Enquirer: 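Here it is: the structure, laid out below.
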Number of protein chains: 2
Amino acid sequence: MKQKITIKTIAKELGVSTSTVSKALKDSHEISKETKERIQAYANHYNYKPNHLALQLRNQKTKVIGVILPKIVHHFFSTVIKGIEDGANKKGYNLMVCFSNESYKKEVENLKVLSNGSVDGIIVSVASETLKNKDFSHFSGLISEEIPLVLFDRVINDILCDKVVVDDVGAGYKATQHLLENGRKKIALITTPDHVNVGLLRRQGYEKALIESYIKADNDIIVKIDEKQSITQQIEKVFDHDIDAVFAVNEIYAAKSMRIAKKRGLKIPEDIAIIGFTDGLISEYSSPSITTIAQHGFTMGKQAVELLIERIENETEEFKPKKIVISSDLKVRESTKTL
Amino acid sequence: MKQKITIKTIAKELGVSTSTVSKALKDSHEISKETKERIQAYANHYNYKPNHLALQLRNQKTKVIGVILPKIVHHFFSTVIKGIEDGANKKGYNLMVCFSNESYKKEVENLKVLSNGSVDGIIVSVASETLKNKDFSHFSGLISEEIPLVLFDRVINDILCDKVVVDDVGAGYKATQHLLENGRKKIALITTPDHVNVGLLRRQGYEKALIESYIKADNDIIVKIDEKQSITQQIEKVFDHDIDAVFAVNEIYAAKSMRIAKKRGLKIPEDIAIIGFTDGLISEYSSPSITTIAQHGFTMGKQAVELLIERIENETEEFKPKKIVISSDLKVRESTKTL
DNA sequence: TAAAATTACGAAATCGGTTTCGTGTTAACA
DNA sequence: TGTTAACACGAAACCGATTTCGTAATTTTA
């Protein structure tokens with residue numbers, strides 16, 4: 001990289017001190033009009049740009065926000081990061097992003113890198129491995145260092161920080177309720193292992209809706225997908241039972257369920273209704289299109305970053321963790337059209 | 001944020017100088033064993049972490065790479081950024097990401113922010129508005145500042161920098177050739193306006209394949225989608241002509257084409273074959289699944305970042321711009337099964 | 001005309017590290 | 001015993017800015 005022009009260069013060239021240059025460039029009243037004009041003209045001509053690193057060091061703030069996501073090639077998370085960027089940008093912040101790839105180890109490393117002063121605050125959605133291990137010491141470390149932290153979607157209850165979550169119980173309830181209203185009675189649930197708390201919460205909503213309709217949840221038609229094995233095979237098993245609807249806790253499971261149903265000659269939505277989660281492109285463009293719970297990722301990201309910036313810029317305030325719950329909407333499409 | 005512990009603190013507490021602390025922490029032979037142990041123990045106990053900003057300022061490098069993408073909620077670009085992150089991580093670099101949202105103005109702003117010293121180099125895929133305007137002065141500015149720059153996918157020929165592109169002509173050729181081999185003769189092309197150069201290149205491949213089969217390209221069945229108007233309506237027009245295949249230059253256009261075909265009672269692939277670009281989830285999960293050209297976004301990202309880091313770390317070398325062309329693969333699925 | 005106020009600028013500290021060079025003390029050697 | 005070398009550490013410069021405070025020169029006021 002070319003040697004950049006600095007205040008020192010300007011000072012030397014024009015025979016003034018660096019303080020004068022600095023002041024002249026910010027149009028200080030302390031400097032005479034002629035001197036200011038000389039300096040500004042020179043700076044302009046040589047395309048002077050103040051060095052951000054120097055400013056960050058001096059001001060003790062970077063105007064950068066760290067983001068750690070479990071993955072990025074994923075409709076929900078890419079939508080969230082869009083929301084984060086949008087909110088950050090409006091307040092003059094930039095984004096440093098890392099991916100944990102669902103790995104505990106990488107999450108810890110990322111957190112270490114980001115917490116060495118490169119960012120003013122951090123937004124995280126916890127890796128599934130971490131949720132499984134239940135080792136959250138890297139997060140408590142952050143808290144004790146008082147680095148502003150916001151968790152979203154996959155959060156840890158025990159960590160005292162701001163959080164933004166989807167109303168997963170309500171969403172599970174809404175989805176199930178929709179199927180029940182549709183006249184479905186044997187609703188299979190394709191969910192995640194219990195350590196992924198969003199799956200657990202969605203299941204609670206599912207069970208609540210069933211109970212209210214006096215239907216007993218049947219463990220035979222509930223499957224907790226182990227992503228290390230064949231997803232399709234695990235879903236297939238549910239189809240061996242008598243079911244008239246499938247509630248999948250994400251888009252992929254919904255799409256796979258649909259494939260299986262079609263293969264078995266089941267008509268959608270006549271023979272079987274399907275409802276998914278995460279309103280991504282698959283749901284929209286598959287045929288029949290899939291009814292989903294829209295998670296409002298953009299809003300989540302935006303709220304998370306606003307919460308974080310609020311925390312960064314008002315650190316004098318006493319600390320009371322906030323939790324924002326984003327309600328989710330049902331997007332009815334072809335896969336659950338009324339019978 | 002809590003006041004972090006610095007070298008100065010340690011020095012004062014232990015009654016030594018900052019130089020001694022600095023040396024002790026890097027296990028310098030200049031410092032006696034006992035002093036080193038005292039200092040290291042203290043630093044450890046109080047969880048001392050060197051301030052990255054200070055190091056960056058001193059070393060005149062940030063170990064951060066700036067990335068500007070036109071969008072992120074998009075399978076191809078999210079895959080690319082995954083590749084970039086992966087490559088960067090391996091070399092100890094972090095990522096600062098910005099989105100231009102296809103806007104010229106935002107691209108210029110992003111570039112300005114990143115080029116003030118916050119990053120060691122920049123990777124960009126150019127915004128469509130910029131390609132349309134043909135105003136590339138912000139990029140030539142970067143070049144004259146000698147900030148390492150790599151363009152990928154949507155590149156600008158006139159800018160002298162490293163580039164990573166897909167073999168779009170070859171890909172368009174492959175796709176068309178596949179349809180021709182399939183016995184299709186009336187192949188519609190759903191593409192982008194000409195200023196998006198990838199669209200133009202893919203079309204060249206399409207035309208080349210047609211010519212080799214002695215088929216004349218028919219402008220009536222070629223549509224350049226204007227995304228400001230209804231995409232579906234524009235595609236519909238093509239279906240009013242007699243066609244037996246559709247080659248769409250991206251996944252969305254392919255999925256929309258499939259919807260229209262189905263609505264018109266056409267069977268896929270019997271009555272009409274469909275082929276898309278970008279091997280995303282839609283193509284994989286739609287039914288029938290869609291044959292696509294896989295762009296290898298991960299590889300692109302990785303190559304781009306490797307090129308950039310190479311440039312950053314060997315700036316003494318004379319500058320000869322490199323261009324890496326990534327070949328793309330045809331992924332044959334149900335939508336083009338042989339007649 | 002002397003005192004006070006204003007103007008225009010510079011010296012130096014600061015942010016948090018690294019690194020070069022110098023120096024006092026002790027040990028080894030002739 | 002005088003010289004030299006090794007050892008252990010500190011002072012100060014530096015990276016690129018900002019900002020406080022001091023001050024000489026000029027202008028205003030009494």
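Chain A is the first sequence line, chain B the second, and so forth, proteins listed ahead of strands; every chain is numbered from 1. Model, not experiment: these values are computed from the prediction.
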Enquirer: Do you see a donor-acceptor pair shorter than 3.5 Å between the side chains of Asp153(B) and Ser125(B)?
Expert: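 Asp153(B) vs Ser125(B): no donor-acceptor pair found between side chains.
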Enquirer: dG16(D), OP1 or OP2 - any side-chain N/O from Tyr48(A) closer than 4.0 Å?
Expert: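 No, no such contact exists.
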Enquirer: For nucleotides 5-9 of chain C, list the nitrogen or oxygen atoms of the protein found under 3.5 Å from its nitrogen or oxygen atoms, one pair per line.
Expert:
from, atom 1, to, atom 2, distance (Å)
dC9(C), OP1, Thr35(A), OG1, 2.6
dC9(C), OP2, Ser32(A), N, 2.8
dC9(C), OP2, Ser32(A), OG, 3.0
dC9(C), OP2, Thr35(A), OG1, 3.2
dC9(C), N4, Glu30(A), OE1, 2.6

Enquirer: Counting side-chain heavy atoms from CB outward, which of dT18(D), dG16(D), dT18(C) is closest to Ile7(B)?
Expert: dT18(C)
Enquirer: Check the side chains of Asn101(B) and Ser103(B) for a donor-acceptor pair under 3.5 angstrom, ignoring hydrogens and angles.
Expert: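 Absent: no donor and acceptor within the cut-off.
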Enquirer: Kindly assign one of parallel, tilted or perpendicular to the pair His74(B) and Phe76(B), based on the angle between their ring planes and the thresholds 30° and 60°.
Expert: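 Aromatic pair His74(B)/Phe76(B) classed perpendicular.
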Enquirer: The side chain of Ser22(A) lies closest to which of these nucleotides: dG17(C), dG16(D), dT18(D)?
Expert: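 The answer is dT18(D), which lies nearest to the side chain.
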Enquirer: Would you tell me if any nitrogen or oxygen in the side chain of Lys8(B) comes within less than 4.0 Å of OP1 or OP2 on dC15(C)?
Expert: yes
Enquirer: When you measure from the side chain of Gln60(B), which nucleotide among dG16(D), dG16(C), dT18(D) comes out closest?
Expert: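 Given the options dG16(D), dG16(C), dT18(D), the side chain of Gln60(B) is closest to dG16(D).
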Enquirer: Assuming nearest nucleotide by heavy-atom distance, tell me which of Gly15(B) and Asn59(B) is located more 5' along DNA chain D.
Expert: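 The residue closer to the strand's 5' end, by nearest nucleotide, is Gly15(B).
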Enquirer: So, the side chain of Asn44(A) versus the backbone of Gln40(A): is there a donor-acceptor pair under 3.5 Å, distance only?
Expert: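 The answer is no, because no donor-acceptor pair under 3.5 Å joins these two groups.
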Enquirer: Starting at CG of Leu57(B) and ending at C1' of dA13(D), how long is that distance when rounded to a whole Å?
Expert: 14 Å
Enquirer: Using only side-chain N and O atoms of Lys26(B), determine if any of them is under 4.0 Å from OP1 or OP2 of dT18(C).
Expert: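 For dT18(C), OP1 or OP2 has a side-chain N or O of Lys26(B) closer than 4.0 Å.
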